[in-house]
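Every value quoted in this text rests on a predicted model; they were computed, and no experiment measured them. We count ligands from 1, going down the list as the structure has it; atoms in each ligand are counted the same way.
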Amino acid sequence: MVNALELYDPQIYELVRQERARESGSIRLIPSENYVSRAVMLASGSCLTNKYAEGYPNKRYYEGQQVTDLIEKMAQDRAKKIFKADHANVQPYSGSVANWAAYLALVQPGDTIMGLSLPHGGHLTHGWKVSVTSKVFNSVQYTVNPDTGRFDYNRIEELAKKHKPGIIISGATAYPREIDFEIFGQIAQKVGAYHVSDIAHIAGLVVAGIHKSPVPYADIVSTTTHKTLRGPRGGMLLCKAEHAENVDKAVFPGLQGGPHMHTLTAIAVALAEADTPEFITYAKQIVKNAKVLAEKLLEYGFNLSSGGTDNHLILIDLRNKNISGKKLAKALDRARIVTNYNTTPLDPAHPSNPSGLRMGTPAITTRGMKEPEAEQIAGFINKVVENIDNESVIEEVGKEALLLCSAFPVPDHFIIPNKNSG
Ligand code: DSN
């Protein structure tokens, strides 16, 4: 496949080659990124990209669905099994569309939704002011407790009682602590709201049983498929049987046309990979690595939002280091350590140049890195911070980072073939 690309489009081939080299030659700490297996990659680059399949299995608007129906049913069944859900819709193009579909399945435009504010760790589509979700719906935003960096469930309940939202959204893109989905479910029940849970970041941890699952406590669970879950870029919805029809209608024809069958095929593969003992070990190691990285950063005098982490993600508040998140993220990138600058709950700065840096361990864990490497990476980060204006030290760190990467090549496969098929 790559040879054909090289032959027919050498320019794009060269850029793909460069990206592969970048991914393998850098310590990738963006918490929403990962490396997929060769099997997922092959499914994603397969002939299923050629097929239109508007509708759902056995209810399509195009013929020629002998294979697509089987694939989609397989993906649905695998998702239902590993998340223990009544119903799964595997068609959303991304987490954003999945969130939209969840809202539209439950409430009407103009109704109130209540989600976590973006500077406090929420996603754009949780009703943040620049997202259309705040224009189509009346958006109320809750925050974390600024003193602790954690949810204050009493305050969330008070806000819910005051505004009586139609939907309460639990879940986050930058919250390093375990989320109590049961309490969110109780709050929603008390105020007569639906509970939508967005587990895009932690889906893999949920599958592995390391983070409590929202499935029993939420009306609809929304997720992406490519973060800790380690599948292709895509989205997915899980829900109780009573919402199945509305969820399906909201995705298609409500928001989307034909599903991307190649992605859906790759999602099916990733879901099978996640249903293995190897995946549970992997997910546990993600959290162990994040904890060690956090502990070492604390030892180096970094302030971490909420004081540490329970999951795959760390949020550094850099104000005591007098460096902006953007400046540090760019310096780290030059040192082959890839992170993203991010707001923190107490950040007075604009999201375009915030005081925070977000990082996570899913990708380095896929490479087989463990606690000693997490410690080493914390040392690299500290060295860059202490030498933020010294390019030769940054370059030196880059060489050390490359050495570490060479010792942990990106693996092709994560499970023993055929051992866990099902
Ligand atoms: N943009 C994703 C992230 O990086 O967290 C959320 O969708």
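Every residue two or more places apart in sequence or in another chain that forms a side-chain hydrogen bond (donor to acceptor under 3.5 Å, both in side chains) with Glu33 is listed here: Arg28.
The distance from ligand 1 to the heavy atoms of Ser32 drops below 4.0 Å at these ligand atoms: 3 (C), 4 (O), 5 (O).
In this structure, the protein non-hydrogen atom closest to atom 5 (O) of ligand 1 is His201 NE2, 2.6 Å. Shortest contact from atom 7 (O) of ligand 1 to any protein heavy atom: His123 NE2, 3.1 Å.
Under a 4.0 angstrom heavy-atom cut-off, Lys227 registers as being in contact with ligand 1.
Between the side chain of Tyr282 and the main chain of Pro362, a donor-acceptor pair closer than 3.5 Å is present. Side-chain atoms of Ser306 never come within 3.5 Å of backbone atoms of Gly149 as a donor-acceptor pair (strictly under, hydrogens ignored). Checked by atom type and distance alone, the side chain of His195 never pairs as donor or acceptor with a backbone atom of Ile168 at under 3.5 Å.
By the criterion of a heavy-atom distance under 4.0 Å, the side chain of Arg358, and not its backbone, is placed next to ligand 1.
By the 6.0 Å and 45° rule, Arg230 does not stack over the aromatic ring of Phe279.
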